[in-house]
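Here is the structure we will look at, set down as structure tokens.
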Amino acid sequence: MSQALQEARIFEKRHGSAIPDRDRPLFHLTPWIGWMNDPNGFSWYQGQYHMFYQYHPYDSHWGPMHWGHAVSRDLLHWEFLPCALAPDMPYDKDGCFSGSAVELSDGRQLLMYTGVRHETTPDGQVREVQTQCLAFGDGLNYEKYTGNPILTEADLPTGGSRFDFRDPKILKLPDGTFRALIANNRLGEGGQILQYRSVDAIHWSLVGPLAENHNRIGLMWECPDFFRLDGYDVLLASAQDMLPKGFEYHNGNGTFYLLGHCDDDTGVFTEESDHAVDYGIDFYAPQTVLTPDGRRVMIGWMQNWDTCNLHTRWVPWFGQMSLPRELSVRNGILYQTPVRELEALRGEAVRHEQVRIENSEIRLPGVHGRTVDLELEIEPEGPLFNRFAIRFAQNELYHTTVSFRPHESVLKIDRKFSGSRRAIIHQRRAKVRHDGGRLKLRLILDRFSAEVFVNDGEQVLSATVSTDLSAEGISFFADGAVRINVLSYQLGG
Ligand code: FRU
């Protein structure tokens, strides 16, 4: 084991284990210590889910990337395992960037990741040269392949940049061969997702681009994933430098999906539509796994590159994963619902039916807290109301709000009053579908985050919330008159 890996393992064990559980979310994965970004190598291997993550153990800000590692049986209770990869080879000395994992037929787990090495160009700029690398392991320890890197600029199509060639997602096909989808920047055109094929997962050849940006959704694309679901082929990718289009793509850097059909023989993907994956503030770079019982489950990094570097330097951990979300395609839309394992964390149900609210703010007995699963049905009472809001993480000073304006069909999440002392992005709005003011929401709170599932998962809005945990109030407000049904559970265990 290299000295860099050994040091990271000693450091995380000493300092990560000292962070009390109550200072982390209850069921969202955080880094053992320091900084976390993208999910990597999300997979099912030897009877458990493995999640690796972009990791800088020594600081709560981004730095030379390692791969952190955690395992879980239910996607909610995670156990930290020792750091899996450190930037310790000439070809990855400046970072082990994002990648994926697959089980080989001999039982080993293969990690495919991007090695980064700095190069000074003739005009004096320091650029990242990005190549693809492999590591073989047993679910705990990983050996980098002696033939690394296995894909370099020599494997790029004409016009593809060697400085933006990253985030391989390796797929095992039913015939036992492999595909890898890799993000690349084609000069002047923005991102493209390149497809490579291999028989042994070591020797790879270019098939061609699976999808091309032509500068329509942001510029560079990152972190692809690709799967078949409910009769569609779904490509997930995360775009940098997006321009908003109507109510889509407001996050600057954000994740989108392309829905379409891929021809198995030619590998040609015909797109039908594109949409944002999450309409909130914090969601990026998701990966999916196929569960043993056949569900497609997605986890993203619940942060935003535009704001993630503005926290104070002393936080012991920074960055968390989203809730695992079960995916399905209905009516040409990618639906997301909280993974059903979450139901096992529910305490006693608290039910309030047909509660009338008119031009006031109310609280409901038993509905409060920061680890909550709350289902809410809103309907108008008489003339259509102007605004309905649910406030949470609330005390005399602070609150975060999800508000609905039916006349505009707009749902907004707003954490301006959450106690943040930074003028970062605090709001996002989504155009939602409702039936004359009737709307269904499910709100999941886990200490430092809120995820709002709209109309049984048709849309999701996610945001981190740093409010002190003593702010536990939840209240309901109406400008006009509404009736609501509330079903709420404390989450525990
Ligand atoms: C996306 C990303 C990836 C890269 C990684 C580096 O969030 O920029 O493209 O591999 O983060 O940490």
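Predicted model only: the values in this text are computed from it and were never measured. Note that ligands are numbered from 1 as they come in the structure, with each ligand's atoms numbered from 1 the same way. Along the sequence shown, residues carry numbers from 1.
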Could you check ligand 1 for N or O atoms lying under 3.5 Å from protein N or O atoms and list the pairs with distances?
from	atom 1	to	atom 2	distance (Å)
ligand 1	7 (O)	Asp38	OD1	2.7
ligand 1	7 (O)	Asp38	OD2	3.2
ligand 1	7 (O)	Trp305	NE1	2.9
ligand 1	8 (O)	Glu222	OE2	2.9
ligand 1	9 (O)	Arg166	NE	2.8
ligand 1	9 (O)	Asp167	OD1	3.4
ligand 1	9 (O)	Asp167	OD2	2.6
ligand 1	9 (O)	Glu222	OE2	2.9
ligand 1	10 (O)	Ser98	N	3.1
ligand 1	10 (O)	Asp167	OD1	2.6
ligand 1	11 (O)	Asn37	ND2	3.2
ligand 1	11 (O)	Asp38	OD2	3.2
ligand 1	12 (O)	Asn37	ND2	3.1
ligand 1	12 (O)	Gln54	OE1	2.7
ligand 1	12 (O)	Trp62	NE1	3.0

Just say parallel, tilted or perpendicular for the rings of [X] and [Y], cut-offs at 30° and 60°.
X	Y	answer
His250	Phe247	parallel
Phe52	Trp67	tilted
Tyr55	His66	perpendicular

Please check if any side-chain donor atom of Glu222 sits under 3.5 Å from a side-chain acceptor atom of Tyr284, or the reverse. yes
Does the side chain of Thr121 pick up a donor-acceptor pair with the side chain of Arg127 at under 3.5 Å? no
Residues 80-95 vs side-chain hydrogen bond (donor to acceptor under 3.5 Å, both in side chains), sequence neighbours excluded, gives Ser2-Asp88, Asp88-Lys144, Tyr91-Asn148, Asp92-Tyr113, Asp92-Lys144
